[in-house]
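Quick notes on the structure that follows.
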Amino acid sequence: NSNTTWQSGFHFNVEYNGGADRDTGHNRPNFSGQADYPGTQAQFIAATGFTRPGIGTFGDLPRNFFTGPGYYRTDASLLKKFRFSETMNLEFRLEVVNLFNTVNLGNPDTNLGNPLPGNRFDNANFGKINSTAFFGNDLQRNLQFAFRFTF
């Protein structure tokens with residue numbers, strides 16, 4: 001028995017801090033259309049290509065423009081029943097969560113930080129992935145054995 005889940009990544013927004021820009025709602029930056037997108041855990045997306053829009057204007061980066069890492073997990077179980085007589089049975093069960101021990105990563109840090117002169121931002125963690133999928137609640141490999149004797 002097995003169950004496989006294979007999903008594309010979740011979409012995410014990129015924003016920045018900006019006290020003077022709060023009159024326009026969420027602070028979405030302008031986007032040049034060129035992003036450094038290495039796709040690794042250490043640097044999933046880089047801060048290149050993002051600039052601060054003029055004060056009182058909206059940034060042109062569309063909502064949920066980027067996609068995070070995908071998700072893959074296989075859960076499996078193996079069952080075998082041994083019959084000793086008409087009323088006595090022994091059942092062996094092996095259940096495995098995340099059979100291939102795939103590390104599923106969460107979305108990266110999506111806050112560029114505070115704007116600096118020269119169209120730069122100050123968050124050094126922007127674009128880095130610091131958690132596993134579902135905010136660290138995704139199960140890593142787990143095995144469970146069971147014997148059941150019925151009579």
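Note that this is a predicted model, so its numbers are computed, not measured. Side-chain atoms are counted along with the backbone in the values below, which use heavy atoms only and exclude waters and symmetry mates. All residue numbers refer to positions in the sequence shown, counting from 1.
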(message) Within 45 degrees of the ring normal and closer than 6.0 Å to the centroid, is that where the cationic atom of Lys128 sits relative to Phe126?
(response) no
Is there side-chain contact between [X] and [Y], with at least one heavy-atom pair below 4.5 Å?
X     : Y      : value
Asp75 : Ser2   : no
Tyr72 : Phe100 : yes
Ile45 : Phe50  : yes
Leu99 : Arg141 : no

(message) Is the ring pair Phe66/Phe31 parallel, tilted or perpendicular, if the boundaries are 30 and 60 degrees?
(response)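 Judged by the thresholds at 30° and 60°, the geometry between Phe66 and Phe31 is perpendicular.
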(message) Is the ring pair Phe10/Phe134 parallel, tilted or perpendicular, if the boundaries are 30 and 60 degrees?
(response)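 Plane angle over 60°, so perpendicular.
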Between [atom1] on residue [X] and [atom2] on residue [Y], distance to nearest 0.5 Å:
X      : Y      : atom1 : atom2 : result
Leu94  : Gln144 : CG    : CD    : 9.5 Å
Tyr16  : Arg28  : OH    : CZ    : 11.5 Å
Leu112 : Asn125 : CG    : CG    : 12.0 Å

Taking [X] for its side chain and [Y] for its backbone only, find out whether a donor-acceptor pair lies under 3.5 Å.
X     : Y     : value
Asn30 : Asp60 : yes
Asn13 : Arg63 : no
Arg83 : Asn89 : no

Taking all non-hydrogen atoms of both residues into account, name the closest pair between [X] and [Y] and its distance.
X      : Y      : value
Pro69  : Gly106 : CG-O, 3.4 Å
Ser77  : Glu95  : CB-CG, 3.9 Å
Phe12  : Pro108 : CZ-CG, 3.7 Å
Asn104 : Arg73  : ND2-CB, 4.4 Å

(request) Have a look at Asn123 and tell me which of Asn111, Asp109, Asn114, Asn17 forms a side-chain hydrogen bond (donor to acceptor under 3.5 Å, both in side chains) with it. (result) Asp109
(request) Report the residues that fulfil side-chain hydrogen bond (donor to acceptor under 3.5 Å, both in side chains) with Asn130, sequence neighbours left out, ordered by chain and then residue number. (result)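 Counting only residues at least two positions away or on another chain, Asn130 forms no side-chain hydrogen bond (donor to acceptor under 3.5 Å, both in side chains).
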(request) Might you work through the side chain to side chain contact (heavy atoms under 4.5 Å, CB included) test for Tyr71 and Thr5, ending with a clear yes or no? (result) CA-CA 7 Å; Tyr71 183 87; Thr5 304; 4.0 Å; yes
